[in-house]
Amino acid sequence: MAALAAVLVITGQQTPAVAGGDADPAPAPASQSDHRVTLITGDRVTVSPDGARVTVTAAPGRAGTRFTSHRAGGHRTVLPEDARPLVAAGLLDRRLFDVTALVRAGYDDARSPGLPLIVSRRGADPAAGLTGPGLRTTGRFAVAGMSAVTVVKTDAASAWSAIREQRAGIERIWLDRPLTPAPVPAPPTDLPPALSAGGAAPTVAVLSTGVDADRARPAARVARRQVFAGASTGDRHGHGTRTAAAVPGATLLDGKVCDDDGRCPESAILAGLEWAAGRADVVDLGVGGAEQLGTGPLGRAIERIGDRTGALVLAPAADGAAGAIATHDGPDGRAAGLPAGTVTGAALLAQRHPDWSVDRLRAALAASAVDGALDAAALARRNVLPATASLAFGVQQWPHADDRPQQRTLTWHNHGDRPVELRLDVALTGPDGTPAPAGALRLDATTVTVPAGGSAGVTVAADTRHDGPDGRYTGTVTATPAGAPDLAVRSRVEVEKEVESHTLTVRHLGPDGRPTGRAETMVLDLTGELRALLYGEDGTATTRLPKGSYVLVGDVVDFGDTDSTWHRLVQPELALDADATVTMDARRTAPVRTTVPRPDARTAMVDLGFNRRAEDGTGFGLALALDGFEGLRSGQLGPDLPAERMTGYLHSTWAVPGPAGDFRDTPYTYGLLDTRPGGFFTGFDRKVADRDLATVDSRLVAQVTGRAATKALFPNAPGVIGTLTPLLPFRLPARTTHLLEGGATLWSAAFGENVPGGDGLPVEITAFGQANQSYQAGQRYTDRWNASVLGPMFDFAGHAGRRGDTVWFGIPMYSDQDGHRAGSLTDAATTRMYRDGRLVAASGAGNLEAEVPPGPATFRVEKRTSRPSYSPLSTRVDATWTFRSDTAGEAGESFPLWVVRYAPTVDDHNVARWAPVTLLPVSVMSQPEARVGRVRQLAVRVSVDGGRTWRKAPVVPAGDGGYRAVVHAPKGTRTVSLRATLVDSHGNRLDQTIVNAYRFVK
C-alpha cells in the first residue's frame, strides 16, 4: 500500500493532515486556540475548541501509518495501527490515545512540552525506567517498583521507536494522570488521649495539599517537609491541614503531592509514597476517590509498599482496590473519601500494636467504620477485631438454578485478657437496594466466644439460588460484644450473582480461509464503550458478556505493515441472548474503490466508517483513515438495521500531486461522500462524473504573501457525523476549485494561514471556520477566505451572555469580511468586566467566565487584542461594550451587543485600490437573540497613520440596508485604521477600534 502521504504534515507542511468534523458542533469562542496533542507515537492530533475539526499528523518517518478514530461519550480516541497490539496486550494504557482526556489533563502541546508516563519494567529492577532518544527518566521509585518517564515531544517519534525496541522488558506503561485533592475531612471530635500520652508517638505522613502549621492545632508537630508538586509549602485546599489537626501528639511528615492549582500528578504521589514509606507508620494519601485510583499504578504501589515496608497507606479507593481502605459511598455511589476519624484510628492502632501487619491494621480500621465515620475513641477500647476486612464470594455464573452455596470462614481475634462473647448478625442488600431474600447469606452460629489472646470463627455461606434480582449484593456481618454495643465490629460481604451473561467466541480467518492471529475484534456496546478486545495466536478468542446488543468490528490485517491488505468486517448488531460464535472471515470482504474522471487526480485520504445510534439517542462512531483504496476491503456480517440506527459511510478527498509528490497548491479537489443507511459496506465501487457534483471556485487571500495555508472541507449527511478530512496545503494567495457531493450532503470548512512552529510543524496564525452549507449538483458557486477587514463578528447566539449570575464573554475578534468566524494568535489579549464602574472580573486571555453579583446593573466589557508580530493587518482590535444586565433564568440570555463590519474591495493580496476619496461599505450586526434597540447613532473615524491621529468619516445610509463611510486618504497612504461608535435606542453602546484594517500597498 502506498505511504499515507495525505495524512501527514511534515516540516514546511508539504503534505496535508487528517481532520475530523462533527455536524453542528456546540459553539465555542473561535478566538480560543486549537489544542494540539502529541501522542506517545509522535503523531500529532489537533482538536478545535468547538470540536468541529480533528486532525491527525503522522510523525516524520511514519508515512503510511493508518489510524482508527473512535468517538464515544464525549471523547475522541485516535489509535495508530502499530500501537493497537500493544494496547490490546495491556502494555500501553489506552488513555495515552484519548485525545480529549489528554487535553483535559493539561498535556496538550501548548501547556506541556513532554508527555509524562509511569513505567514498570520486567526483571530484577522494575524501576529502571526507559532509555533512548526522546526519553527522560525523571524519577525512580524502587519500593513501588516503578519509574517516571517523560517523552520529549520534539523527539517523540524516536522515543516511540526506542519503546518498541524495549517492549520485551516492559511490563506496563501508564499515563501519569493528574488527580485531584480529596474532599476536606470533617473536623476531629473526641480524640483519644493515647496519641498525646503514653507509648511511642506514631509517625503519620500526610501526602496531600501541604500542611499549614499556623492553621493546624498546636499539637500538630511537623517534623519534616518535602514538596513533590508545585513550588510552595502552603495549603490552598485544606485537606492536609485538617488531616494534620486530627492527629495531635503524632510526629508528622508533610509531603505536598498536590500543587496550588489542585493537580496531584501520580508521579508526585509515587515520589511521596517512596519518601514516606520508610519513615512513617501511617501514610494518609489525600487524593480523590475510587474512580481515580482504581487498579492503576497507585493501587499497585500501595500494595507493594505495604508488603515491603509495613507502612499502612490510607487511600480512598473502591472496595477491592489493592492495598487501599474501602470508603463510604458518596451520593453518586462512588467512594467519596476516607471515613472521618480513619487517620486518627490508624495512628492509634499503630501506636498500640507496632507488631501488627498491614493487613491486620487495615482489617481493624475497616471493621470499625460505621456510616462513613470511625470512632477513634471506641477503637481504642476494642479488643476483638476481625482477621480480614471483607469476605468476597466471587462471581456465581448465570444461570443460578444449579449454583452451589459458597463458604468462607470469618475469624475474630481477641487481644484482651478476658474471653468475649459475640452476637452475630448478617445483613445483605441486593442490587436494587432492597434486602436479599432469606437464606441468601447464612452463618453456622449466631454467637461465638473468642478466648483471651486467641481466635474463633464461624462459617459464612452465600447461596445465590434465591429468587432475588441478579447483580451485586453487599452487606455486613456484625459482631457485637455482650453488653457493649458501641464496640461492635463489621466485616463487609460481597456476592456477585451474575446477571444473565453468555460466552462470545470469535474466530478469525485470513484470506486463505485458515485461522490467523493477525487479527483483532472490538466488541462495543451501543454507547460505544469498548467491552472486549478479542485476539489470539490461534485465531480464536472468547469473552463473557451480559445479555444485550453489541457491535462487532473485526480487522484482519498485519498491524504496522502499511502494505498489508486491511479487511474490515462489521456486524451492526449482535443480540447476545445465548452463547454465540462469530467468524470474522476475510473472504467475506470485497474491494472498496472509487474512480474520478480526471486522470491526474489522486486520493489524498480515504475515510471508511460508520455511525451507530441506540434507541435512547446515544451512539458512537468508528472510522479507519488510509491514504488510498489500494488494499482496502470491507464486509458486513448479519442483517441490516433500520436506517435511523446505523449509517455506514465512505468519504474520499482527491487532489493533484505536485512535483514534490504532495498536494500543495492543487488546482482542484474532489470531495465525495457515499452512505449506506442501515448497515456497512460489503465492498464498494463507484465511477464519478463531474456533472453529478457541485463546483465551488475558492479564493484564498493572503495577509502575508507567500505564507503557507491549509484548507479543509468536512462533509456531513443524514446519519453521518465526525468524518475525517485532509488539510490540503497552499501557498498564499491561491485559487482552487472544489468538486463536491451535492444533495443531502452538507459541507463545513476550515482555513488557516500558518507558519512553521519550532518543531517544523505548522502553527496557525489565523484560523477560520464555516458552518454547514449545501450545494446542488450541476451548480457553480464561489467563496473567499481571509479578506480584510478582519474584526469582531457574531454568527450565533451565545457568544457572550449570562445564566443566573454566571457570565461569559468570547466574541471572535478576527473574522474575515465574508463572515468566516475566526481566531488569531495574539501578542496580548485581555478582557475586563466592570459592574457599575467596579471591576468584577478579568482575564489575561481573549475570553472570560466569572460569577457576578446578582441583580440589575450597568456592565462595561473591555476587550483588547494586539498581534503586530503575526500579521500586518488588524494589528490591534479593541472593543468596549456598555449595556444593562440582570440575573438571568436557566435559559440564559445573550447580552445586547453590537459590532461594526467593513467591506472594502480588496484583491488576492488584501490590497485595495487607492483613491483620494472612497466609499467604504459599513454594516452593523447585533448578537442573535439579544434584545437590542434601533441604531440611534453610528459614527466612524479614520486614521491613515497607524492610529496616531483620527479624523471623522461621514456616514450615510445605503440602499442595501447598510451604510457607506466617506474615507479621505492622501496620496501615499499605506493603511487605513477604523474607529466606530454605535449607540442604540436602549442605551447599549459599542466603541470599536481596528488598527491597520486594510491597506493600499503590499
Side-chain angles (χ1 to χ4, degrees), residues 19-27 47 50-54 67-79 98-100 504 521-533 545-555 568-577 580 582 584 592 607-625 634-651 673-682 684 714-725 741 743-748 771-772 774:
D22 289 351
D24 300 324
V47 184
D50 58 5
R53 301 189 308 274
V54 178
F67 298 88
T68 293
S69 173
H70 180 210
R71 176 184 49 81
H75 284 249
R76 172 84 68 160
T77 299
V78 177
L79 189 58
D98 184 337
V99 179
T100 308
L504 171 63
T521 291
M522 293 175 276
V523 183
L524 305 109
D525 64 22
L526 298 191
T527 70
E529 180 181 350
L530 182 64
R531 301 297 297 272
L533 194 60
L545 295 166
K547 176 184 178 180
S549 294
Y550 298 92
V551 180
L552 274 58
V553 180
D555 291 312
R568 171 153 285 189
L569 292 134
V570 174
Q571 183 159 345
E573 184 164 344
L574 171 67
L576 191 63
D577 53 10
V582 175
M584 292 291 175
V592 177
D607 173 29
L608 176 65
F610 65 87
N611 283 282
R612 180 69 165 84
R613 294 165 296 281
E615 291 181 356
D616 63 359
T618 60
F620 68 97
L622 195 76
L624 175 63
S634 68
Q636 176 176 309
L637 304 179
D640 280 4
L641 298 175
E644 66 272 11
R645 299 280 298 281
M646 181 171 178
T647 303
Y649 66 84
L650 176 64
H651 166 225
L673 180 66
D674 294 279
T675 63
R676 188 178 183 286
F680 192 63
F681 296 98
T682 297
F684 183 80
F714 305 88
N716 295 282
V720 177
I721 59 175
T723 53
L724 301 176
T725 296
E741 205 78 61
T745 301
L746 301 176
W747 294 88
S748 60
N772 285 328
S774 63

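For this chain, numbers begin at 1 and follow the sequence in order.
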Nearest 0.5 Å, what's the [atom1]-[atom2] distance between [X] and [Y]?
X: Thr77; Y: Asp98; atom1: OG1; atom2: CG; value: 4.0 Å
X: Thr723; Y: Leu608; atom1: OG1; atom2: CG; value: 12.5 Å
X: Phe620; Y: His75; atom1: CZ; atom2: NE2; value: 16.0 Å
X: Asn716; Y: Thr745; atom1: CG; atom2: OG1; value: 9.0 Å

Let's go through Leu622 and Met522 carefully: what are the C-alpha distance in whole Å and the side-chain angles of both, what is the deciding distance for side-chain contact (heavy atoms from CB on, under 4.5 Å) to 0.1 Å, and is it a yes or a no?
CA-CA 11 Å; Leu622 195 76; Met522 293 175 276; 3.8 Å; yes
A side-chain contact here means heavy atoms from C-beta on lying under 4.5 Å apart; do [X] and [Y] qualify?
X: Val570; Y: Arg612; result: no
X: Val720; Y: Pro715; result: no
X: Thr675; Y: Glu741; result: no
X: Leu526; Y: Glu615; result: no
X: Pro546; Y: Arg531; result: yes
X: Thr647; Y: Arg613; result: yes
X: Leu504; Y: Leu574; result: yes
X: Arg645; Y: Glu573; result: yes

Show the numbers, then the answer: is there a side-chain contact (heavy atoms from CB on, under 4.5 Å) between Thr68 and Val553?
CA-CA 11 Å; Thr68 293; Val553 180; over 6 Å; no
Considering residues at least two apart in sequence or located in another chain, which fulfil the side chain to side chain contact (heavy atoms under 4.5 Å, CB included) criterion with Ser69?
Arg76, Leu724
Listed partners of Thr527 passing side chain to side chain contact (heavy atoms under 4.5 Å, CB included), at least two apart
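Counting only residues at least two positions away or on another chain, Thr527 forms a side chain to side chain contact (heavy atoms under 4.5 Å, CB included) with Asp525, Glu529, Thr618.
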Backbone N/O of [Y] and side chain of [X]: donor-acceptor pair under 3.5 Å:
X: Asn611; Y: Ile721; answer: yes
X: Gln636; Y: Phe680; answer: yes
X: Arg676; Y: Thr682; answer: no
X: His70; Y: Leu79; answer: no

Set out, in order, the CA-CA distance, both residues' side-chain angles and the distance that settles side-chain contact (heavy atoms from CB on, under 4.5 Å) for Arg568 and Asp555, then state yes or no.
CA-CA 5 Å; Arg568 171 153 285 189; Asp555 291 312; 2.8 Å; yes
Which residues satisfy the side-chain hydrogen bond (donor to acceptor under 3.5 Å, both in side chains) test with Thr100, sequence neighbours excluded?
none
For [X] and [Y], which heavy atoms make the closest approach, and how far apart are they?
X: Gly648; Y: Phe681; result: C-CE1, 3.7 Å
X: Pro639; Y: Pro572; result: O-CG, 4.0 Å
X: Ser634; Y: Val592; result: OG-CG2, 3.2 Å
X: Tyr649; Y: Ala623; result: OH-CB, 3.5 Å
X: Gly554; Y: Thr521; result: CA-OG1, 3.6 Å
X: Ala643; Y: Pro677; result: CB-CB, 3.8 Å

Passes side-chain contact (heavy atoms from CB on, under 4.5 Å), Leu637 versus Met584? Steps please.
CA-CA 8 Å; Leu637 304 179; Met584 292 291 175; 3.6 Å; yes
